[in-house]
Amino acid sequence: IDNMRTQLKKMGLSYDWDREFATCDADYYRWEQLVFLKMMEKGLAYKKSSSVNWCPDCQTVLANEQVEDGCCWRCDNDVVQKELEQWFFRITDYAEELLGWIDRLEGWPESVLTMQRNWIGKSIGCEIDFRIDGSDVKIRVFTTRQDTLYGATFMSLAPEHPMARKLAVGEQKEAVESFIARVARQDKAKRTSDDYEKEGVFTGSYCINPVSGRRMPVYVANFVLMDYGTGAVMAVPTHDQRDFEFARKYDLPLVVVIQPPEALDPATMTEAWTGPGCMANSDRFDGLDNESAKEKIADYLEAEGIGKKAVNFRLRDWGVSRQRYWGTPIPVIYCGACGVVPVPEKDLPVVLPTDVSFTGEGGSPLAALDSFVSVDCPKCGKAARRETDTFDTFVESSWYFARYACADYDRGVLDKAKAEYWMPVDQYIGGVEHAVMHLLYARFFTKILRDLGLMDVDEPFINLLTQGMVCMETKSCPEHGWLYPEEVVDGQCAKCSQKVATGRNEKMSKSKKNVVDPDHLIARYGADTARMFSLFASPPEKDLEWNEQGVEGCYRFLNRVWRAVFDNLELIRDVPPATSAEGKGVELRRVVHRTIRKVTEDIDGRFHFNTAIAAIMELVNAIYLFDEKREHPEVMREALETVVTLLTPFVPHIAEEMWGELGHASRLSTGRWPSWDEAALVEENILIVVQVNGKVRGKVTVAADATSEAVEKAALEDPNVARFIADKTVRKVIVVPGRLVNVVAT
RNA sequence: GCGGGCAUGGUGGAAUUGGCAGACACGCCAGACUUAGGAUCUGGUGCCGCAAGGCGUGGGGGUUCAAGUCCCUCUGCCCGCACCA
């Protein structure tokens, strides 16, 4: 933290350092613990046993969002499934609201909104009960395709489904048991991989299709997921590709219930038909188009008490327990007599102890620390045991911005009056990798804080800018492994002089040491050049391969500006900046005010600092080429002061210095942003491009207020244009006012 | 498989609404100044061509007076989701 703070200050970044805090300070997380207790009271935080993603290397649980390609997002090792008691936040209660508000987040990039929509994954359909043949027991399925119900010819259960074992009868019993055991041994990563073969086993039981009356064999199938819907799927092989493959493999019957214009024949079908069509083999619904049949069948199922309309979300509750040391202790005590007892508010914070020993073998060292674990039950006073899990660190990052802006220092979580003033955040910035984790959790937590009465805010961030990722080559030495860029000298390892291997461009990461340390740029060129270079390289939302070619150009430019100011100090010492001009001064003033407009518009809302800086460079070039500075010292002063002022946000130090040299006692950084003078932008004559059949053939200068007729006349008189239409007939002339003329001639 | 994004000179990038493609910079080339320059200033620099001119924004097709921009299609790369019933 100290190192980062020093670097940020070196770069001259303007934070309000008085508000600084670390989320690992007890002064911060004590309020998080308080929010947790309030969530427990409302049932928004709860404990349950569930199959969780477990990283055997880190010895901790991971959220679904933290499993990447079946591997731990931290250590990249394989993740396995494990049954554990865990704390959860009931984010699913907010699924509908989180989804609904997405449409109102107009200041967010569409890509992020799409990812959140998909992640929440709302599906509208029906829950339908299928009775087991010869019993009153029912299996409930969820489907979005109730229009295909008459075509359901078998049933598939997840191997973890509680009915799977119970329905195994007769000689199938053994087969089902061994199948379930076999699937259970496979980890989730493997089960969801591309080439995982769809397999299943017949239970020996049948269920009854509630509308067609068909006797449907019940299978246990490896592709059915227990944690989506009900863990049971009605299989319609004609209209679902997975069911189709499964039916072909196990020779199960096919019934076409949706006929496209070119009628399907079950005997010759090679794949499921998932498109629209006309209902068939569906009793009273025959002849309807399948879309309207969806609604009618849903109504019918409800009326008959067979099923009901239902909505399903892909979103799962957020598991927040972690077996990590670094985190906020979960403020709960386990008592043999009283059960789960929340830590009383007056006993907060539960401070993370620092006298722990690290074994290096994973797992939390808190569990081994008796002074932390052993505690008296707050209810009955008997010996009890403290929770040793800590929160997922995403909990801390879910509300730090609110605390940063609206801390009610020693008195509470947030100061509502401050929240009224500061929240929501006007402009949030982060990498796109946060699209479904941090940004969804922060939205959820904001709604929690609102519903606990802590602030009246629905959404945390009005505008979101997703920064592109910065990539860089990795370098490695056969002996010393990954190397920082500064450890490579002339392609050799600085430690052992062996040849260094260059890897591909990858996202910057500390572990691979392909990181940019601003210090060396600052040391060599100063903070202003370092700032300007990183802003000038590309627009912020774009990915960038870091490359320091070009930093010299920024350094050169700042020197050029410096000289422009100092070489003209004498000339402009006693003159005020121009407010109008004559002759050639008008042209320079036009560039000055055009630049003010361009820079202002590029910064405000667009964040295109690269083009803003380019525009200032053009102004500086114009100043260098201005050959009547002796005649127009006021215009020179206005131009130079404008350059310095416009540069302030990018290179504040040198700008402030030059401002002082220009004779000002005031501080630029607290001064006013310049505005452009419309009058200075007015042009008497404008250049019109003349095309013949869409190709540029000439350019004419006309009065800015020239009529279309006059522009057309001037265009046709241009010698080169005349040459190109000489042996042709002019069919049409298009005049775009202020821009171009296109002569269509054949 | 589904969803999203990207593709422009030797390089980073510009073109905000369909209207001069390549702004600005890096690099390169030339000239000036200089004992010298890796400093500075000026000019040049998409490709082909002596020129006139032609070609040119991943490929192909289309709409339009006019397409980097809109539509269709294909290819490549990146990101997210992924047996979601």
Side-chain angles (χ1 to χ4, degrees), chain A residues 68-69 109-119 121-123 125 141-145 148 152 156 158 191-194 196-198 221-225 227-236 239-243 245-246 312-315 432-433 435-436 468-469 471 507 533 536-539 541-554 556-557 559-560 563 598 601-602 605-606 608 610-618 620-621 624-625 687-699 720 723 731-745:
Chain A
E68 297 166 352
D69 284 334
E110 199 51 47
S111 58
V112 172
L113 298 180
T114 303
M115 276 192 248
Q116 292 214 350
R117 248 183 230 115
N118 293 343
W119 191 264
K122 181 179 180 175
S123 296
V141 304
F142 171 75
T143 181
T144 55
R145 296 296 306 273
T148 65
S156 304
R191 241 183 111 178
T192 55
S193 71
D194 257 345
Y196 191 65
E197 204 192 336
K198 288 171 189 52
N222 60 0
F223 65 89
V224 181
L225 306 174
D227 61 2
Y228 183 79
T230 62
V233 181
M234 67 175 209
V236 185
H239 305 295
D240 181 286
Q241 187 58 28
R242 293 157 302 183
D243 296 342
E245 288 167 25
F246 198 85
N312 237 294
F313 291 95
R314 210 193 74 109
L315 186 70
V432 70
E433 69 272 21
V436 285
M469 285 193 283
C471 300
K507 186 170 106 178
F533 174 60
F536 187 55
S538 102
E541 65 275 13
K542 225 185 128 146
D543 287 345
L544 180 72
E545 282 180 19
W546 186 260
N547 173 348
E548 288 178 12
Q549 285 171 10
V551 67
E552 288 280 351
C554 293
R556 214 175 315 181
F557 169 73
N559 279 309
R560 197 166 140 85
R563 281 194 308 274
K598 169 83 176 152
E601 289 174 354
D602 277 354
R606 227 162 80 93
H608 279 209
N610 57 333
T611 51
I613 290 169
I616 301 173
M617 287 174 167
E618 286 183 74
V620 172
N621 290 343
Y624 268 83
L625 293 176
L687 189 70
I688 300 287
V689 171
V690 186
Q691 299 179 330
V692 176
N693 294 330
K695 289 190 193 314
V696 179
R697 298 301 181 189
K699 288 173 187 182
N720 201 45
R723 190 164 72 84
R731 303 288 173 193
K732 197 163 149 192
V733 179
I734 288 128
V735 179
V736 183
R739 283 188 183 273
L740 63 61
V741 174
N742 191 9
V743 181
V744 184

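So that the names make sense, note that chain A is the first sequence line, chain B the second, and so on, each numbered from 1. All values derive from a computational prediction rather than experimental measurement.
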Spacing between [X] atom [atom1] and [N] atom [atom2], to the nearest angstrom:
X      : N     : atom1 : atom2 : result
A/F557 : B/C41 : CZ    : C1'   : 16 Å
A/I613 : B/A23 : CD1   : P     : 18 Å
A/E541 : B/C79 : CD    : P     : 18 Å
A/Q691 : B/G19 : CD    : P     : 11 Å
A/E618 : B/A25 : CD    : C1'   : 11 Å
A/E548 : B/G27 : CD    : P     : 14 Å
A/Q549 : B/G38 : CD    : P     : 18 Å
A/D543 : B/G12 : CG    : C1'   : 14 Å

Applying the Watson-Crick and G-U wobble criteria at under 3.5 Å, what pairs with [N]? Answer none if nothing qualifies.
N     : answer
B/G3  : B/C79
B/G49 : none
B/U64 : none
B/A32 : B/U40
B/U11 : B/A25

Task: A/S111 vs A/K732, nearer the 5' end of RNA chain B by closest nucleotide - done: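 Its nearest nucleotide lies further toward 5', so the answer is A/S111.
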Open item on the list: If you assign A/M469 and A/G550 each to the RNA chain B nucleotide with the nearest heavy atom, which residue ends up on the more 5' nucleotide?
Closed with: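 The answer here is A/G550.
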TODO: Name the nucleic acid region contacted by A/G553, choosing base, sugar-phosphate or nothing; use a 4.0 angstrom heavy-atom cut-off, strictly under.
DONE: sugar-phosphate
Open item on the list: Counting the atoms with a prime plus P, OP1 and OP2 as sugar-phosphate, which does A/F536 contact under 4.0 Å by heavy atoms, base, sugar-phosphate, or nothing?
Closed with: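 Base, at least one base heavy atom under 4.0 Å.
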[atom1] spacing across the pair [N] / [M], given as an integer number of angstrom:
N     : M     : atom1 : result
B/U42 : B/G61 : P     : 46 Å
B/C71 : B/U63 : P     : 15 Å
B/A14 : B/G4  : P     : 24 Å
B/C28 : B/G9  : C1'   : 13 Å
B/C29 : B/G62 : C1'   : 43 Å
B/A85 : B/G18 : P     : 38 Å
B/C48 : B/C33 : C1'   : 37 Å
B/G31 : B/G38 : P     : 14 Å

Picking from [options], which would you name as closest to the side chain of [X]?
X      : options             : result
A/V744 : B/G43, B/C65, B/A85 : B/C65
A/R739 : B/G19, B/U42, B/A23 : B/G19
A/M617 : B/C41, B/A21, B/A25 : B/A25
A/E601 : B/C84, B/A23, B/U16 : B/U16
A/L544 : B/G13, B/G80, B/G19 : B/G13
A/K699 : B/G53, B/C20, B/A66 : B/C20
A/Y228 : B/A15, B/A85, B/U16 : B/A85
A/N610 : B/G54, B/G19, B/A14 : B/A14
A/L225 : B/G3, B/G13, B/C83  : B/C83
A/T143 : B/G53, B/A85, B/G3  : B/A85

Any [X] side-chain nitrogen or oxygen under 4.0 Å from OP1 or OP2 of [N]:
X      : N     : result
A/S123 : B/A85 : yes
A/N222 : B/C83 : no
A/R560 : B/U42 : yes
A/R117 : B/C2  : no
A/N621 : B/A25 : yes
A/K695 : B/C55 : yes
A/R145 : B/C84 : no
A/R242 : B/C84 : yes
A/R314 : B/A85 : no
A/R556 : B/C26 : yes

- [ ] Answer with yes or no whether A/K198 presents, from its side chain, a donor or acceptor under 3.5 Å of a partner atom in the base of B/C83.
- [x] yes
Open item on the list: For B/C6, does the base pair up with any side-chain atom of A/K542 as donor and acceptor (N or O, under 3.5 Å, distance only)?
Closed with: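 Flag unset: no donor-acceptor pair detected.
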Open item on the list: Test side chain to side chain contact (heavy atoms under 4.5 Å, CB included) on A/M115 and A/N118; report intermediate values, then the result.
Closed with: CA-CA 5 Å; A/M115 276 192 248; A/N118 293 343; 5.8 Å; no
TODO: Please round to the nearest 0.5 Å and tell me the distance separating atom CZ of A/F142 and atom CG of A/N312.
DONE: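 It comes to 4.0 Å.
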TODO: Could you grab the distance from atom CE of A/M234 to atom CZ of A/R145, nearest 0.5 Å is fine?
DONE: 8.5 Å
Heavy-atom side-chain contact between [X] and [Y] under 4.5 Å:
X      : Y      : answer
A/V744 : A/N693 : yes
A/V233 : A/R242 : no
A/T611 : A/K598 : yes
A/I616 : A/F557 : yes

- [ ] Report the glycosidic orientation of B/G61: syn if within 90° of 0, anti in every other case.
- [x] anti
Task: Donor-acceptor pair, side chain of A/N742 and main chain of A/I734, under 3.5 angstrom - done: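 No; zero donor-acceptor contacts below 3.5 Å.
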Task: NZ/NE/NH1/NH2 to OD/OE distance under 4.0 Å, A/R117 and A/E110 - done: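 Yes, charged N to carboxylate O under 4.0 Å.
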Task: A/R560 NZ/CZ over A/Y624 ring centroid, <6.0 Å and within 45° of normal - done: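 Checked: cation-pi criterion met.
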